[in-house]
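This structure is a prediction, so every number in the text was calculated from the model and none was measured.
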Amino acid sequence: MSRIAYVDGRYVPHRRASIHIEDRGFQFADGIYEVVAVIGGRRFDEPRHFDRLERSLGEIDIAMPMSRAALASVMDEVVRRNRVDNGILYLQVTRGSAPRDHAWRDDAAPVVVMTARRQLPPRAAAVEAGVAVITAPDQRWRRNDIKSVALLGNVLGKQKARRAGAYETWMVDDAGRVTEGTSTNAWIVVGGRIVTRPLGPEILDGITRAAVLDVARELQIAVDERPFSVDEAGAADEAFLTSTTAYVLPVTRIDDMTVGTGKPGPITARLLENYRRLIDEFVKS
Ligand code: PDD
């Protein structure tokens, strides 16, 4: 079956899908994206993704390219045409194409691109054994709350992890504190309390982060939204990371430090179990 992409108003074969060379997303990374989990053919936590999309676009002064309802019907169509039961939907909105100039013209028409593909949830082996992360300086810009397609710092960080045989790089600010992973939020567990960096310009407001905070509240697990250092993470009882594609994934090594017992911890396991329950409820709803 050939894949279909949505590009600026048209459904086209994926391998022939293209944008203009002067699309500002291509030349300036002047655009916003979202990655939404597709579960049982439906989009999980869609309202939160729309809220974040609208906010990110607003922060860089791009208008919503169409209403939520219209975007949702394109998403439905992209998921349907690609026969994605379980996987991800990628949505990108750029400021559109115009002769290259750093400043933009207010009449630029945003360009919307969507793709969908099948993808399995995180491997059972990774969930059972936990994954390793390395740390590296956070070299990104100062507005990481905006889900911009400018991902060079993230890309370089992820490749560093790949080369080191690790799953992820946790990026570290100038004060030695973890901001987040290159495509995931970072968490530790200390004395029964879960700790994650508070929202702010240094990190993305992860949709999975928000869902895990809901789960923690429901389970009455105490949460401290505060920064933590690499040393504190290495000495923590448990660590994990979250994202739309990774769910809740235990972290058992940070650089050359073993986290806790070296095995996924009980609080991480409870959070994952209950996050999965949310997914099951969604599938049945
Ligand atoms: N990444 N932090 C960063 C820098 C991210 O890129 C992501 C998501 C997250 C987790 O956010 P969420 O829970 O909404 O997926 C945190 C997506 C999956 C990606 O770029 O592919």
Side-chain angles (χ1 to χ4, degrees), residues 1 3-6 11 32-57 64-93 112-124 126-128 147 183-185 187 194 196 199 203-223 225 240-250 264 266-285:
M1 189 202 80
R3 292 180 64 200
I4 300 293
Y6 174 86
Y11 296 94
I32 299 298
Y33 77 104
E34 279 295 325
V35 176
V36 187
V38 178
I39 300 168
R42 289 158 60 222
R43 295 176 301 279
F44 185 57
D45 256 350
E46 181 171 277
R48 276 178 169 155
H49 284 282
F50 273 141
D51 290 346
R52 188 170 68 182
L53 173 70
E54 229 172 89
R55 178 181 179 278
S56 289
L57 287 170
M64 272 286 268
M66 49 183 114
S67 66
R68 287 187 181 201
L71 277 174
S73 61
V74 178
M75 289 174 169
D76 283 344
E77 196 58 18
V78 171
V79 168
R80 190 186 67 76
R81 288 191 189 223
N82 289 283
R83 295 188 207 156
V84 175
D85 210 24
N86 294 303
I88 54 168
L89 180 123
Y90 177 80
L91 156 66
Q92 178 180 310
V93 182
V112 179
V113 166
M114 282 189 217
T115 58
R117 69 160 193 245
R118 292 179 189 158
Q119 184 164 305
L120 296 170
R123 292 225 179 99
V127 178
E128 274 155 34
K147 197 159 173 62
S183 63
T184 55
N185 288 110
W187 308 69
I194 64 178
T196 197
L199 294 184
I203 67 164
L204 184 74
D205 178 3
I207 305 299
T208 322
R209 179 186 181 281
V212 167
L213 288 176
D214 288 347
V215 165
R217 257 173 239 124
E218 212 181 291
L219 297 175
Q220 297 186 328
I221 300 171
V223 179
E225 289 187 73
F240 59 95
L241 51 82
T242 57
S243 81
T244 295
T245 46
Y247 294 5
V248 175
L249 197 56
I267 291 185
T268 307
R270 281 181 72 203
L271 292 171
L272 174 58
E273 188 187 311
N274 284 274
Y275 182 71
R276 284 204 178 117
R277 182 181 47 76
L278 287 186
I279 292 177
D280 289 343
E281 282 168 10
F282 170 75
V283 170
K284 288 187 201 126
S285 67

Kindly say whether T244 contributes a backbone atom to a donor-acceptor pair with the side chain of T208 at under 3.5 angstrom? yes
With T242, which of T184, L213, I207, V248 fulfils side-chain contact (heavy atoms from CB on, under 4.5 Å)? V248
Between D76 and R43, does any NZ, NE, NH1 or NH2 come within less than 4.0 Å of an OD or OE carboxylate oxygen? yes
Can you see which heavy atom on G40 is nearest to which on N86, and at what distance? N-OD1, 2.9 Å
Can R68 and E54 be counted as an ion pair, charged N to O under 4.0 angstrom? yes
SB check R80 E77 (cutoff 4.0 Å): yes
Close side-chain approach of Y90 to V35, heavy-atom, < 4.5 Å: yes
State whether R217 and D214 are salt-bridged, where the test is any N-O pair (Lys NZ or Arg NE/NH1/NH2 against Asp/Glu carboxylate O) under 4.0 Å. yes
For V79 and G41 the tightest heavy-atom approach is CG1-O, 3.8 Å
Quick one: are L91 and L89 in side-chain contact, heavy atoms under 4.5 Å? yes
Closest approach of V127 and P264, non-hydrogen atoms and distance? O-CG, 3.6 Å
If you take all heavy atoms of A126 and P250, which pair is closest and at what distance? O-CD, 4.5 Å
Answer whether the closest heavy-atom distance between the side chains of K147 and L204 falls below 4.5 Å. yes
Might you work through the side chain to side chain contact (heavy atoms under 4.5 Å, CB included) test for L57 and M64, ending with a clear yes or no? CA-CA 7 Å; L57 287 170; M64 272 286 268; 3.8 Å; yes
Just by modelled atom types, is the A216 backbone N or O under 3.5 Å from a matching donor or acceptor in the R270 side chain? no
Would you name the heavy atoms of H49 and F44 that are closest together and state the gap between them? CD2-O, 3.7 Å
Could you tell me whether a side-chain N or O of S73 sits under 3.5 Å from a main-chain N or O of A70, the two making a donor and an acceptor? yes
Contacts of R123 that satisfy side chain to side chain donor-acceptor pair (under 3.5 Å) - sequence neighbours left out: none
One thing to verify: whether R277 and E281 come together as a salt bridge, which I'm taking to mean a side-chain N less than 4.0 angstrom from a carboxylate O. yes
Under 4.5 Å between any side-chain heavy atoms of Y11 and V74, yes or no? yes
The reported gap from CG in N82 to CZ in R117 (rounded to nearest 0.5 angstrom) is 11.5 Å
Please round to the nearest 0.5 Å and tell me the distance separating atom CG of L199 and atom CG of D205. 4.5 Å
For side chain to side chain contact (heavy atoms under 4.5 Å, CB included), just list the numbers for V212 and W187, CA-CA rounded to whole Å, side-chain angles, deciding distance to a tenth of an Å, and then say yes or no. CA-CA 11 Å; V212 167; W187 308 69; 3.7 Å; yes
Given the rule in the side chain to side chain contact (heavy atoms under 4.5 Å, CB included) test, do E34 and M75 qualify, once you have shown the distances and angles that lead to the verdict? CA-CA 12 Å; E34 279 295 325; M75 289 174 169; over 6 Å; no
Look at the aromatic rings of Y275 and Y247 and report parallel, tilted or perpendicular, splitting at 30° and 60°. perpendicular
To the closest 0.5 Å, what do you measure between CZ (R83) and CZ (R118)? 7.5 Å
In this structure, CG of L271 is separated from CZ of R276 (nearest 0.5 Å) by 12.0 Å
Please round to the nearest 0.5 Å and tell me the distance separating atom CD of E46 and atom CZ of R48. 13.5 Å
Are the side chain of R42 and the backbone of F282 linked by a donor-acceptor contact shorter than 3.5 Å? yes
Would I203 and N185 count as a side chain to side chain contact (heavy atoms under 4.5 Å, CB included) if you check the C-alpha gap in whole Å, the side-chain angles of each, and the deciding distance to 0.1 Å? CA-CA 8 Å; I203 67 164; N185 288 110; 4.1 Å; yes
Nearest-0.5 Å distance, CD1 of residue I39 to CD1 of residue I279: 4.0 Å
